[in-house]
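The structure appears right after this line, and notes come after that.
Just follow the structure's listing: the first ligand is 1, and inside any ligand the first atom is 1.
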Amino acid sequence: MIKVKTREEIELMRESALIVSKTLGEVAKAIKPGVTTLQLDKIAEECIRDQGAVPGFLGLYDFPNTLCMSPNSQVVHGIPNNDPLVEGDIISIDCGALKNGFYGDHAYTFPVGDISPEVEKLLKVTKESLYVGIREFKLNNRVGDVGYAIQQYCEAHGYGVVRELVGHGLGEKMHEDPEMPNYGRRGRGKKFIEGMVVAIEPMINMGTQRIRQHRDGWTITTLDNLPSAHFEHNVALVDGKPELLSTFAYIYDALGIKSDEEDEFRQEVLVL
Ligand code: MG
Ligand code: MG
């Protein structure tokens with residue numbers, strides 16, 4: 001059952017989302033060759049708690065840490081460890097926070113130093129596909145419209161769209177209805193209604209769409225060990241249109257990037 005949110009609840013969800021956004025910005029400042037994913041995890045936990053929230057993933061389904069850290073061929077759900085990041089790596093960082101009874105949950109894939117042009121293109125296309133998908137999250141469209149748009153966009157570049165893992169509704173639970181696959185058929189699936197909040201999160205592989213799970217019960221890796229990218233935003237359906245609750249602006253601030261990619265999905269200017 002889809003739980004729609006009131007305007008007040010959507011503002012509370014924006015607060016939770018922005019706590020995650022700010023946390024990813026703090027983590028972005030510390031990403032460099034030599035840093036370990038466990039060190040980044042500590043930065044994130046502290047940043048979330050400093051904002052009066054609690055880490056959303058820690059203990060959820062017994063996940064052991066604050067961040068899901070998935071380098072290179074890992075797709076999602078990687079567990080932070082003491083391995084240092086290396087120049088040329090990419091690292092998908094997924095973060096959740098809970099405040100006022102509502103979750104924020106989003107993700108960004110970062111380059112570590114200089115990366116190859118092929119991998120840079122994978123990151124670019126995957127992030128673009130996130131916005132291609134968000135654009136379809138509007139009144140009277142359906143779940144399949146978002147999935148179809150993301151799938152077409154990524155497959156046109158020869159990439160594999162992961163099937164087993166999907167986006168989701170978001171609210172008082174981390175995972176609510178509906179499931180939001182990154183593949184699908186136009187006009188199929190549940191219809192979008194005013195007040196819905198979803199996490200849209202393409203997980204896109206450079207090679208095969210196929211994946212495997214590690215023995216730790218968490219880490220997901222591409223079957224061909226080629227790189228995988230993952231970007232996620234939290235979006236509410238307001239006045240019939242997609243309204244971004246999360247932002248990558250803190251990340252871009254940390255990395256010195258200028259971007260207006262989010263402007264079309266925001267009714268008011270975001271003040272950081
Ligand atoms: Mg996430
Ligand atoms: Mg999610």
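- Around the Mg ion (ligand 1), protein N, O or S atoms at a distance under 2.8 Å total 4; waters are neither shown nor counted.
- In summary, of the residues considered (Pro227, Pro71, Ser70, Ser92), a side chain to side chain contact (heavy atoms under 4.5 Å, CB included) with Thr109 occurs for Ser92 alone.
- The closest side-chain heavy-atom distance from Phe102 to Glu172 is below 4.5 Å.
- Put simply, His175 stays out of reach of the Mg ion (ligand 2), with no N, O or S atom under 2.8 Å from it.
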Quiz item: Which is it for Phe231 and Tyr108 under the ring pair (Phe, Tyr, Trp, His ring centres under 6.0 Å) test, yes or no, and what are the steps along the way?
Solution: CA-CA 5 Å; Phe231 290 86; Tyr108 195 91; 4.9 Å; yes
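- Between Phe265 and Arg135 the shortest side-chain heavy-atom distance falls below 4.5 Å.
- With hydrogens and angles left out, the side-chain atoms of Tyr61 and His77 include no donor and acceptor closer than 3.5 Å.
- Among all heavy-atom pairs drawn from Tyr131 and Glu261, the shortest one is OH-OE2, 2.6 Å.
- The salt bridge (charged side-chain N to carboxylate O under 4.0 Å, His left out) test with Lys5 is passed by exactly one of Glu11, Glu243, Glu176: Glu176.
- Residue His168 approaches the Mg ion (ligand 2) most closely through its N/O/S atom NE2.
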